[in-house]
Amino acid sequence: MDALGINLSGLITQVVSFVVLFFVLYRLLYKPVLGALDRRSNRIKESLEAAEKARQESDHAQEVMKQQMNTARAEGQQLIAQAREVADRFREEELTKARKEIEIEKSKAQANIQREREAAIEDLRREFAGLAVSTAGRIIERELDDAGHRDLIEKVLAESSEIPRS
């Protein structure tokens, strides 16, 4: 090996130095760097898992929120429908009340008209009876007594009741 320029003692020294250097580097540098890379890899993996979990939770929360909004929208529509129904019912009740009040007022007015008509007819009969008595007194040219007045009034009233009413 001397012919090749390789010294056996130098070769052994270099191999031993290389193994010692390799062992020292493995212990002091390679293992800690590898451990740091493994820890970093684990942290990245955990961060990715946490991000995925957060995304899933966000998706779930968003879905829940959509459901709540749909529920709230449906409840709002239902409340609006109920409010319209109540308003329609109230309007119908008020219209019914107003119609009843109008009917009552109409009935009262008709009754008042009928009473006044009957009172007017009665006044007219009395007036007619008075005129008849006065005319009869002039025709006879004498004044009748009380009994004669009553008989004459009853006779005139009986004749006037035969007059058709309108």
Side-chain angles (χ1 to χ4, degrees), residues 1-131 157-158 160-166:
M1 293 214 215
D2 280 335
L4 292 177
I6 300 177
N7 181 357
L8 186 61
S9 63
L11 181 64
I12 292 177
T13 310
Q14 284 184 357
V15 169
V16 169
S17 292
F18 178 76
V19 170
V20 169
L21 181 65
F22 180 77
F23 181 73
V24 167
L25 285 177
Y26 180 79
R27 275 286 206 202
L28 295 177
L29 189 64
Y30 184 70
K31 262 190 168 182
V33 168
L34 209 57
L37 289 176
D38 284 344
R39 285 191 302 273
R40 181 177 172 135
S41 175
N42 286 338
R43 278 197 310 259
I44 290 172
K45 184 178 175 184
E46 289 172 358
S47 294
L48 288 174
E49 289 173 357
E52 180 64 23
K53 185 177 179 182
R55 188 190 62 77
Q56 289 174 352
E57 288 175 358
S58 173
D59 289 346
H60 177 70
Q62 190 174 12
E63 186 64 32
V64 168
M65 192 167 58
K66 281 182 183 178
Q67 289 175 353
Q68 289 174 346
M69 286 177 63
N70 288 338
T71 302
R73 188 176 293 121
E75 288 174 1
Q77 292 295 332
Q78 185 178 10
L79 287 174
I80 289 171
Q82 287 175 350
R84 285 183 182 150
E85 183 180 318
V86 168
D88 289 344
R89 217 176 321 130
F90 180 75
R91 185 177 61 237
E92 288 300 320
E93 288 173 2
E94 290 301 313
L95 283 174
T96 303
K97 283 181 186 178
R99 286 183 184 129
K100 286 180 182 178
E101 289 175 8
I102 290 171
E103 197 61 39
I104 290 169
E105 291 296 321
K106 183 179 175 184
S107 297
K108 286 180 181 179
Q110 287 177 343
N112 285 340
I113 291 170
Q114 185 64 29
R115 269 187 303 225
E116 288 186 19
R117 181 174 176 237
E118 289 173 2
I121 291 173
E122 191 60 37
D123 286 344
L124 187 60
R125 283 186 184 164
R126 283 191 209 115
E127 191 69 33
F128 182 72
L131 287 174
L157 286 177
S160 70
S161 66
E162 294 173 4
I163 300 173
R165 296 182 185 184
S166 25

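For the single chain, residues carry numbers from 1 onward in sequence order.
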Inset, instruction - Evaluate whether atom CZ of R40 has more than 12 neighbouring non-hydrogen atoms of other residues, nucleotides or ligands under 6.0 angstrom away. - result: no
Legend entry - Spacing of Q68 atom CD and E75 atom CD [to the nearest 0.5 Å]: 10.5 Å
Inset, instruction - List in chain and number order the residues that pass side chain to side chain contact (heavy atoms under 4.5 Å, CB included) with Q56, two or more places apart in sequence or in another chain; answer none if no residue qualifies. - result: E52
Legend entry - Check: E103 and R99 side chains under 4.5 Å, non-hydrogen atoms: no
Legend entry - Cationic N near anionic O, under 4.0 Å, K97 to E94: yes
Legend entry - Value rounded to 0.5 Å, distance of OG in S41 from CD in E46: 10.0 Å
Legend entry - Close side-chain approach of E49 and K53, heavy atoms under 4.5 Å: no
Legend entry - Rounded distance (nearest 0.5 Å) linking atom CG of L34 with atom OH of Y26: 7.5 Å
Legend entry - Side-chain donor-acceptor contact under 3.5 Å, R39 with N42: no
Inset, instruction - State the CD-CG distance between Q14 and L21, to the nearest 0.5 angstrom. - result: 12.0 Å
Legend entry - Ionic contact status for R84 with D88, cut-off 4.0 Å: no
Inset, instruction - Please name the pair of heavy atoms, one in L28 and one in P32, separated by the smallest distance, quoted to 0.1 Å. - result: O-CG, 3.1 Å
Inset, instruction - Show your working on side chain to side chain contact (heavy atoms under 4.5 Å, CB included) between I102 and E105 and close with a plain yes or no. - result: CA-CA 5 Å; I102 290 171; E105 291 296 321; 5.7 Å; no
Inset, instruction - Examine distances only and state if a side-chain atom of T71 and a backbone atom of Q67 form a donor-acceptor pair shorter than 3.5 Å. - result: yes
Legend entry - Pairwise side-chain contact, T96 with E93, heavy-atom cut-off 4.5 Å (strictly under): no
Legend entry - Salt-bridge contact E85-R89 (side-chain N to carboxylate O under 4.0 Å): yes
Legend entry - Gap separating the CZ atom of R27 from the NZ atom of K31, nearest 0.5 angstrom: 4.5 Å
Inset, instruction - State whether a side-chain donor-acceptor pair under 3.5 Å links Q114 with E118. - result: yes
